[in-house]
Amino acid sequence: MTEPRTRSGTMTSGQIGGDPDRRLSPFATPFATVGATVVAMLIASGALVAVDGDIPAWVAGAGAAVIGAIAVLVVTGARVTAGTGPGRIGVPTRGSEAHVATSSGTVSAPMSAPDAALVLRTRAIELRAEERSRLLDALSDAVLLVDLHGETRFVNEAAFTRFGAEACVAGTRRAFDQLPNHVRNALLGLAGCAEPERRRFEFDWAGDRAAPVVLQAARTGTGRDALVAVVVRDVRSEREADRMKTEFVSKASHELRTPLSSLRAYAEMLVDGEYQDDAQRDHFMRIIVDGADRLARLVDRMLDISRIESGIARAEVAPTDLAAICSACVDEQQGEAMRRGISLSLARTAAGGTVPADAGLLKQVVLNLVSNALKYTPDGGRVEVEVDFDALAREVVVSVRDNGLGIPPEALPRLFGKFYRVDGHEKVAKGTGLGLNLCRNIVEGMHGGKIGVDSEVGRGSRFWFAIPAEPAARKAA
Amino acid sequence: MHGEADHMDRLNARVLVVDDEAHIVQVVALKLRNAELEVDTALDGAEALQMLRLRPYDLVVTDLQMPEMTGTELAQAMSVDPVLARIPILMLTARGHLLREGEAEARNIAKVVHKPFSPRALLAEVMALLPARDEAARRAA
C-alpha cells in the first residue's frame with residue numbers, strides 16, 4: 001500500500017481530512033490557514049520576488065490576492081462543508097468557471113438553489129487551492145510544513161528535490177529528520193511557543209544534495225494547532241558570487257596599489273631631494289607619469305568591464321568590415337613589430353567579412369589581441385592576423401596567430417578571467433590583467449559572439465573570436 | 001647622542017631587497033644606499049635564496065606576491081635553514097591581508113610594511129630591525 005503524499009497539487013481533499021468519504025474542501029481544515037501563512041511568510045521574507053528570477057513580480061502580487069481570498073474562504077469553508085454529504089456535490093468542469101463567476105443561472109436545472117450556491121462556492125475554493133498550489137510549486141525554494149511533532153503536513157514541488165520524494169510522506173518525520181539536530185530542536189521549540197516565532201539558520205546541507213543553505217522557519221497557530229512552516233533555499237550561487245566579488249576587490253586593490261606604490265615612493269624621493277642629478281630627477285618624474293597612466297588605464301578598463309557587465313554600455317551596431325579593422329590594427333602596431341624585428345601581417349581576408357557590430361569596440365578587441373601577441377612573442381618572431389567567413393556557422397572569425405611563448409594548458413580556462421596573469425608572464429610584459437576579460441565582454445556580452453584560444457607552450461598561440469553575420473548586414477555591405 | 005651611535009653601529013649592514021617590480025627595487029635600494037647601507041637586489045624569491053646562500057646578509061626586505069617563489073615561500077625556506085633563520089625579514093607588500101594570523105611570526109617575518117609606502121618610514125623600520133654592529137660581529141664570530 002502506498003502512503004498518501006502531501007505534495008501540493010496532487011493532494012486530494014479526502015487525504016487531508018482523514019475521512020475519504022467526505023469531499024472536504026482543503027480550506028475547511030487547519031491546513032488552509034497554514035497554507036495562507038506559508039504564502040504570507042514567503043512573501044514577507046522576500047522569497048517570492050527573489051527566487052533567481054523564476055517568479056515574475058506579478059506573482060507576488062497574485063500571492064497577496066490569494067491570501068486575501070484564502071482568509072475569506074477559511075471562514076466560509078467550514079460552513080460550506082458542514083452540510084455536505086458524500087458525493088452530493090457535482091463539481092463543474094473547468095470551462096464553466098466563467099459562467100459561474102457571472103451568473104448562477106447557468107448551473108444545471110435539477111439542483112436546488114442552496115446546492116447550486118454550494119457548487120459555486122466549492123468550485124471557487126478548489127480553484128483558489130489549485131492557484132495556491134501552483135504558486136508554491138513555482139518556487140525554487142523547498143517549502144515544508146510540519147506539526148509540533150515534526151511530522152510532515154505539506155511539501156511543495158521543490159521539497160521533493162531537496163528532501164527526496166521518498167521522504168515527503170504525510171504524517172512521518174522523514175523530511176524533518178533530515179535537518180541538523182540543532183535546527184530540529186529549535187523548530188520543535190518554536191512549535192512549543194516558548195521561542196520567538198521566526199528563526200533563520202545557515203548550514204551546509206549534507207548528503208546527495210550537498211549545498212550551503214539558508215533555512216527560514218515561522219510558527220503559525222498556537223497550542224496543539226501550532227504548525228511550523230520551513231523554507232529551505234540553496235545559496236550556493238549567492239555564496240559563489242560573494243566569493244568572486246571579494247576576490248575581485250582583493251585583486252583590484254593589489255593591481256591599484258602596485259602603480260600607486262611607485263607614485264608614492266618616487267614622489268617622496270623628489271620631495272626629499274634624494275636624487276643625484278637632474279637626469280635622475282627626470283627619470284623619477286617619468287616613473288611617476290607612467291605610474292599615473294597605468295593607474296588611469298586600469299581604472300578605465302575596470303569601468304569599461306563594469307559598464308558592459310551591468311548592461312549600461314550599448315554597442316553602436318552598424319555594418320562593420322572586420323577585414324578593414326584588422327588591416328588598420330596591423331598598420332597601427334607595425335611600428336612596435338618592426339622595432340622588435342617581428343613580422344606582423346594580415347595573412348588572409350575572406351570575402352563576406354562584414355558583420356553588424358560596433359566597429360570601435362571590435363577594433364579594441366583586435367588591437368588587444370595583436371598587442372598581446374607582440375608582447376609574448378620573442379624578437380624576430382611572427383604574428384599573423386586572419387579573417388575567415390564560416391558559411392556553416394554564419395559567422396566571421398578573426399584569428400591572431402603567433403609563434404611566441406605559448407600558454408600552459410592549466411592556465412587556459414582562467415585566461416579570460418579578471419586580473420589573471422599566466423605564471424612567469426609578468427616578467428615578460430606588463431599588463432592590467434583585464435585586457436582579455438574586456439575582449440570577452442565585448443565579443444560575447446555585447447555582440448553575442450565567441451572568443452577562445454588554442455595554444456601550445458613553446459610553439460605559440462592562436463587567439464580567435466567569431467561574430468555572427470546577419471544576412472541583412474552582409475547585403476548592406 | 002644615543003640614536004646617532006645606534007645609526008653608526010648599523011652602517012655597513014648588508015640588506016637584500018627582493019621585489020618583482022623593478023621600480024620598487026630601485027627606489028628602496030636607493031633610499032637604503034643613501035643611508036649608507038649596503039644593498040643587493042633580486043627580482044624573485046628563488047633568486048634571493050641563491051644570493052642569501054652566497055653572502056651573509058643582516059636583513060631581507062621582500063615583496064609577498066612574486067613569480068617563481070613568493071615572499072612567504074622565501075621566508076619558509078629561510079626559516080628551515082639554520083644560518084638563514086637568524087636573518088630578520090621585513091615584508092613590503094600590497095597583500096598583507098593574505099598573511100594568515102601567526103604566519104608572520106612562524107616564518108621569522110619581523111615586520112610587515114604595506115604598499116603604498118613611504119621610503120622614509122621604510123628606512124626607519126629597516127634601521128630598527130638591523131642588529132647593532134657589535135651583535136653582528138658576535139654572530140659572525
Side-chain angles (χ1 to χ4, degrees), chain A residues 246-277 279-295 298 376 405 407-408 411 419-433, chain B residues 17-37 39 41-48 61-73 90-100 112-127:
Chain A
T246 309
E247 192 181 288
F248 175 79
V249 170
S250 158
K251 283 181 176 173
S253 78
H254 176 255
E255 294 299 327
L256 291 170
R257 276 165 186 240
T258 304
L260 203 54
S261 293
S262 286
L263 285 182
R264 174 72 182 78
Y266 282 94
E268 189 185 292
M269 295 299 273
L270 286 177
V271 169
D272 288 358
E274 289 203 50
Y275 48 84
Q276 284 150 4
D277 48 29
Q280 193 172 46
R281 187 197 59 199
D282 291 349
H283 175 58
F284 287 3
M285 287 176 171
R286 268 198 307 278
I287 290 174
I288 292 173
V289 172
D290 288 350
D293 285 348
R294 194 172 152 194
L295 267 181
L298 198 57
Y376 299 108
L405 299 181
I407 299 148
F419 297 121
Y420 180 71
R421 302 294 305 272
V422 177
D423 264 356
H425 278 201
E426 302 98 321
K427 277 186 169 176
V428 181
K430 290 257 175 291
T432 57
Chain B
V17 177
V18 195
D19 201 307
D20 60 328
E21 280 279 324
H23 287 160
I24 298 295
V25 170
Q26 278 171 22
V27 76
V28 173
L30 183 65
K31 185 73 187 180
L32 300 188
R33 281 181 189 137
N34 285 351
E36 313 273 316
L37 296 171
V39 180
T41 62
L43 288 172
D44 65 59
E47 190 186 348
V61 175
T62 181
D63 186 17
L64 198 163
Q65 200 76 36
M66 293 179 292
E68 306 293 330
M69 186 186 235
T70 67
T72 27
E73 285 164 356
L90 186 154
M91 193 159 271
L92 177 62
T93 176
R95 296 193 178 188
H97 62 281
L98 292 183
L99 282 173
R100 287 185 298 275
V112 177
V113 172
H114 297 277
K115 290 178 183 172
F117 66 100
S118 151
R120 227 180 287 139
L122 177 72
L123 177 64
E125 297 290 355
V126 165
M127 286 303 185

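In what follows, every chain begins at residue 1, and chains take the letters A, B, ... in the order their sequences are listed.
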| Which residue out of A:Ile287, A:Leu263, A:Leu256, A:Leu260 racks up the most heavy-atom pairs below 4.5 Å with chain B? | A:Ile287

| How far does OG1 of A:Thr258 sit from CG of B:Asp63, to the nearest 0.5 angstrom? | 7.5 Å

| note | When every non-hydrogen atom of B:Lys115 is compared with those of A:Arg257, the smallest separation belongs to O-NH1, 2.8 Å

| note | Closest heavy-atom pair, A:Asp272 versus B:Arg120, reported as atoms and distance to 0.1 Å, is OD2-NE, 2.8 Å

| When heavy-atom pairs shorter than 4.5 Å are enumerated against chain B, which of A:Ala267, A:Gly291, A:Ala265 gives the highest number? | A:Ala265

| query | Closest approach of B:Gln26 and A:Tyr266, non-hydrogen atoms and distance? | reply | CB-OH, 3.4 Å

| Atom pair CZ/NE2 of A:Arg286 and B:His23 - distance to nearest 0.5 Å | 9.5 Å

| For the student: nearest non-hydrogen atoms of A:Gln280 and B:Leu30, plus distance | NE2-CD2, 3.9 Å

| query | What distance do B:Leu123 atom CG and A:Glu274 atom CD have between them, rounded to the nearest 0.5 Å? | reply | 8.0 Å

| So what's closer than 4.5 Å to chain B heavy atoms on A:Tyr275: side chain, backbone, both or neither? | neither

